[in-house]
Amino acid sequence: MCGIAGWVSFDRDLRREQAVLDAMTDSMAERGPDERGTWADEHAALGHRRLAIIDLPGGQQPISAEPPRGKIVMVYSGEAYNFVELREELRARGHRFTTRSDTEVVLRAYLEWGEACAERLNGMYAFAVWDAAERKLVLIRDRMGVKPLYYYPTPDGVLFGSEPKAILANPLAERVVDTDGIRELFAFVKTPGDAFWRGMREVKPGTVVTVGPAGIREHTYWSLRTQEHTDDRDSTVARVRELLEDIVRRQLISDVPRCALLSGGLDSSAMTAIAARQLAATGETVRSFSVDFEGRTDDFVADVIRPDADTPFAHEVAQWVGSDHQDIVVDAAAHGDPGIRAAVLRARDMPAGNGDIDTSLYLLFREIRRHSTVALSGESADEVFGGYLWFSDPVVQRADMFPWLVRWGEYFGDDTQILTPAARKILDLDRYLGDNYASAVAGIDRLDGESEFEWRQRKISHLHLTRWVRVLLDRKDRTSMATGLEVRVPFCDHRLVEYVYNAPWSLKTFDGKEKSLLRAATADLLPQSVLRRAKAPYPSTQDPRYAAALRTAARELLATPAHPVFDLLSYDWLKNCVYEQAPQATYASRSALERALDLAQWWDLYSPAVAW
């Protein structure tokens, strides 16, 4: 896992721009703390920061080859989990290898198949290839968008990077956020291709972007397609288990210590149990980690979205599968530390507004990195198997809106009230979301004869797998890579996603509960308590000291009424929230406070211009 950056210019000599290339590359030092490398020619410059995972001595980048037709140079981030099979196939076609790394396999795959090499990869990846003979840059991103990749067109070429900060380190990139960028902050929808910063684009998942003297073109090599599911229940359960076993086996490959993220929910428990059994066969014990908050387990108070505490379940699973388990306990002081919030904001390059979830993830990953370099996560199983409560909510099922937003205000409050009246009018979020929803569902295919109910559930599943999951994957990637930890997501294997997506909703809930297929496929691996456990989201602190720290920080912000953030946020709303609400702030008001503070601190860190 690494960070990549680069610059292509057809009108200037980039060999004279080493200082700028260094700045772009080193802006992502946390993504690749082990090594750095750069390469520059007349019209292309590439940079790489390496987190060494496979073939520690032999995986340096940029990596190049010089076939007869001209030089090929590549920078690569991610993992190709099928690189062993691909290497053998390429050897049979005459290729010779000098390293054991998957990076060289991907380079050779490009030499053999060109841009079509993407169709042969299984994994999470984002890479850039400079093809000197054809004078073109090729940017390729994995099918589900697990690894990020951004680009910024310039008058004579393009800038690119794993994160916006790499692009923003180049003087050609302007730090401007426009109306659509701000809308994305408050919409909680990841619009494909949108990058928040004006002029910047995200390489869409499953897409190849090619940059040449004639301009930029885009080609989609994979998208989530509707297909008829013909397997019966037993065959479907067996196929899910078969896929999970293969996926975890592939994703355990590593030359550095690896572990599992274990919350005690069905998703992470199933993944940990499979990993534990596979490693035990080789005499190895899987390590597992979970997050908890100081005093939370003992003083836990159930609510409508979090019915129970995670820790007792995580401990039970760890004992059941025999993992070497450790709880990472986050205290209120670290959770409310402005320095930690600043680190998260720098990691994400935008005020994403997830508050204590982002900071606790960062603290969890930072501590895990002391013990492991690779972690397997249960992320995305809810999107794949239909685990959220709203999948079965009749109100959500009938709504023509992104399903996670239908009851958002009931659970988290209407945080659009933190905006000034003028900002609310300009943003017009209701219209923006309506248009975005219509665009999102327009490309979904319906099966012939599919019932109205199954069609609605298909749309809900598709939206989660093409919009919502990308919000979560982006959060996971940024907060983990900011600590130098590679987090792998087995449930995002495209084979599993395609197969389960096309299973009818009646199969996904055949036992009357959510995630029936996952439960049945792993029933022999887990204790009954976990198999029966209701869905619980990622935990949030209930420590009153954290809420108090938010209010203290908000008072400090109110003491500077000339702060430019108040062109967007309502000063009177924030004042009312801090001084006139009860000390025991509701979750909704706390969430809005987090959003306001994130916006203000991000403004201080990035000094953006806003173009309404």
Side-chain angles (χ1 to χ4, degrees), residues 248 259-277 279-280 285-332 334-335 356-357 359-368 371-372 375-382 385 387-389 411 472 476 487 490-491 511 513-516 518-547 587:
V248 172
C259 66
L261 305 179
L262 176 60
S263 71
L266 176 62
D267 314 336
S268 65
S269 299
M271 180 268 303
T272 302
I274 294 173
R277 195 167 73 164
L279 291 177
T285 299
V286 68
R287 294 207 67 176
S288 59
F289 295 88
S290 63
V291 66
D292 198 4
F293 300 96
E294 190 177 32
R296 177 180 172 88
T297 300
D298 295 335
D299 303 325
F300 178 80
V301 178
D303 58 36
V304 66
I305 58 176
R306 294 182 178 86
D308 47 38
D310 284 337
T311 299
F313 293 94
H315 289 176
E316 183 179 5
V317 172
Q319 184 176 12
W320 186 275
V321 305
S323 70
D324 178 6
H325 185 75
Q326 181 177 339
D327 295 328
I328 307 299
V329 180
V330 178
D331 62 57
H335 218 179
D356 72 316
I357 292 179
T359 53
S360 63
L361 270 175
Y362 174 85
L363 292 166
L364 169 67
F365 294 148
R366 188 178 69 175
E367 182 59 31
I368 291 174
H371 311 279
S372 295
L376 269 64
S377 168
E379 187 87 87
S380 306
D382 285 314
F385 290 96
Y388 293 112
L389 296 178
Y411 295 140
L472 304 181
K476 180 273 307 173
V487 176
F491 291 108
D511 62 359
K513 300 177 68 176
E514 76 282 356
K515 292 188 284 194
S516 304
L518 178 59
R519 186 177 298 102
T522 57
D524 61 316
L525 301 175
L526 299 172
Q528 285 297 311
S529 61
V530 172
L531 290 170
R532 294 192 302 264
R533 189 184 180 196
K535 160 68 183 172
Y538 183 86
S540 179
T541 183
Q542 295 177 330
D543 194 322
R545 291 174 295 177
Y546 175 68
Y587 184 85

Do [X] and [Y] have side chains that approach each other closer than 4.5 Å (heavy atoms only, starting at C-beta)?
X: V330; Y: T359; answer: no
X: H371; Y: F289; answer: yes
X: P490; Y: L376; answer: yes
X: H325; Y: Q319; answer: no
X: W320; Y: V530; answer: no
X: I368; Y: L261; answer: yes
X: E316; Y: S529; answer: yes
X: D267; Y: K515; answer: yes

Decide yes or no on side chain to side chain contact (heavy atoms under 4.5 Å, CB included) for L531 and L266, but give the supporting numbers first. CA-CA 6 Å; L531 290 170; L266 176 62; 4.1 Å; yes
For a quick test of reading the model, state the closest non-hydrogen atom pair linking [X] to [Y] and the distance between them.
X: F491; Y: M271; answer: CE1-CB, 4.3 Å
X: A275; Y: V286; answer: CB-CG2, 4.5 Å
X: A270; Y: L518; answer: CB-CD1, 4.3 Å
X: G265; Y: S269; answer: O-OG, 2.6 Å

Backbone N/O of A534 and side chain of K513: donor-acceptor pair under 3.5 Å: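 No; zero donor-acceptor contacts below 3.5 Å.
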Flag, side chain of R519 to backbone of E514, donor-acceptor distance under 3.5 Å: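 Flag set: sc R519 to bb E514 pair under 3.5 Å.
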Which distance, rounded to the nearest 0.5 Å, do you find between the [atom1] of [X] and the [atom2] of [Y]?
X: I357; Y: L364; atom1: CD1; atom2: CG; value: 13.0 Å
X: S360; Y: F365; atom1: OG; atom2: CZ; value: 9.0 Å
X: S268; Y: L262; atom1: OG; atom2: CG; value: 5.0 Å

Taking only residues two or more places apart in sequence or in another chain, which ones pass side chain to side chain contact (heavy atoms under 4.5 Å, CB included) with A334?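 A334 satisfies side chain to side chain contact (heavy atoms under 4.5 Å, CB included) with D331, L363 only.
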Steps toward side chain to side chain contact (heavy atoms under 4.5 Å, CB included) verdict (Y388, K535): CA-CA 7 Å; Y388 293 112; K535 160 68 183 172; 4.2 Å; yes
Hey, can you tell me if F293 and H335 have their rings parallel, tilted or perpendicular (30° and 60° cut-offs)?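 Ring orientation, 0 to 90° scale: parallel.
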Does any donor atom in the side chain of D310 or S263 lie under 3.5 Å from an acceptor atom in the other side chain?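 There is no such pair between these side chains.
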Apply side chain to side chain contact (heavy atoms under 4.5 Å, CB included) to H315 and D327, showing your working. CA-CA 9 Å; H315 289 176; D327 295 328; 2.5 Å; yes
